[in-house]
Amino acid sequence: MKTKIRVLIAALLVLIVACVSTPESGKQAFIMISPGEEASMGKQAFGEILQKEKESTDTRLVAITKRVGERLAVNTTMPDLEWEFKLFESDQMNAFALPGGKTAAYTGLLKVCGNEAALAAVMGHEIAHVTARHGAQRMTQQQAISVGMQMATGLAGPGREMILGALGVGVQYGIQLPFSRGNEAEADQIGLVYMARAGYDPNEAVRFWTRFSQMKQGAQPPEFLSTHPADATRIANLKRHLPKALAEYKNAKTQYGLGETFAQK
Ligand SMILES: [Zn+2]
């Protein structure tokens with residue numbers, strides 16, 4: 001009997017230790033992976049993606065992506081991550097941010113963004129998945145931890161796809177693994193605040209998502225839309241959080257408005 005109780009107490013302790021509040025929203029989440037482990041997985045995944053993707057040689061757009069990313073990063077709860085912002089040459093309308101701070105956008109996405117503020121809306125959303133630790137939550141849920149522990153040898157082995165999917169870069173590898181609706185709504189809400197603090201007009205987020213959702217790319221919706229449906233609920237959620245974001249925008253050090261514009265498709 002005593003042993004049973006001891007086991008129970010031990011189990012409870014594990015639960016308490018693993019139930020952490022996420023740095024951004026303060027929400028309680030069950031996470032059984034440390035920020036360090038999470039970051040090292042993110043870096044490994046990024047290394048793999050870098051080998052596969054072609055970096056853009058458009059110096060102006062590369063500079064814009066870096067600038068938007070850096071303005072967002074300093075306004076997050078994790079300004080000290082080893083942030084890096086790349087632009088990949090591809091028609092993919094997509095962007096991602098990995099735990100540890102490695103972030104990338106695709107030139108196809110920039111074409112539909114058309115301006116810095118819209119790009120900030122998308123990147124802010126992606127970065128919010130990182131600061132709210134959604135990837136780690138998902139890895140915990142999927143019990144990928146044991147697989148994650150084997151990652152010292154790289155992203156090889158049977159858990160590879162699951163890890164990449166959990167980190168939010170599954171689409172690049174043909175795995176559709178959208179974050180939950182709750183995680184998506186949270187990333188939208190946090191991302192909106194990030195873009196506003198960075199000095200970009202948050203009104204553009206609503207305009208961009210509306211514009212983006214109306215886009216048709218042949219029979220296939222853009223990659224980003226396949227995991228981020230910009231439906232009426234999403235737009236309404238963004239609109240609901242706009243007043244708070246606008247207050248942040250008013251207090252931003254510099255207001256860039258839409259920022260620089262660039263070619264739109
Ligand atoms: Zn998302």
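Atoms within a ligand are numbered from 1 in the order they appear, just like the ligands themselves. Note that these values count all heavy atoms, side chains included, but never hydrogens, waters or copies made by symmetry. These figures come from a predicted structure and were not determined experimentally.
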Q. Is the shortest distance from a Lys or Arg side-chain nitrogen in Glu53 or Lys86 to a carboxylate oxygen in the other one below 4.0 Å?
A. no
Q) Ion pair present between Arg207 and Glu204, side-chain N to carboxylate O less than 4.0 angstrom? A)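 Glu204 and Arg207: salt-bridged.
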Q. Does Tyr256 reach the side chain of Glu116, with side-chain heavy atoms less than 4.5 Å apart?
A. no
Q) Is the closest side-chain heavy-atom distance between Leu72 and Phe85 below 4.5 Å? A) no
Q | Distance-minimising heavy-atom pair for Ser34 and Arg133 | A |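 Distance-wise, the nearest heavy atoms are C-NH2, 3.6 Å.
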Q: Specify whether His129 and His134 have parallel, tilted or perpendicular ring planes, treating 30° as the upper limit for parallel and 60° as the lower limit for perpendicular.
A: perpendicular
Q: Can you list, by chain and residue number, the protein N, O or S atoms under 2.8 Å from the Zn ion (ligand 1)?
A: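 Hits for the Zn ion (ligand 1) below 2.8 Å: His125 NE2, His129 NE2, Glu184 OE1, Glu184 OE2, His228 NE2.
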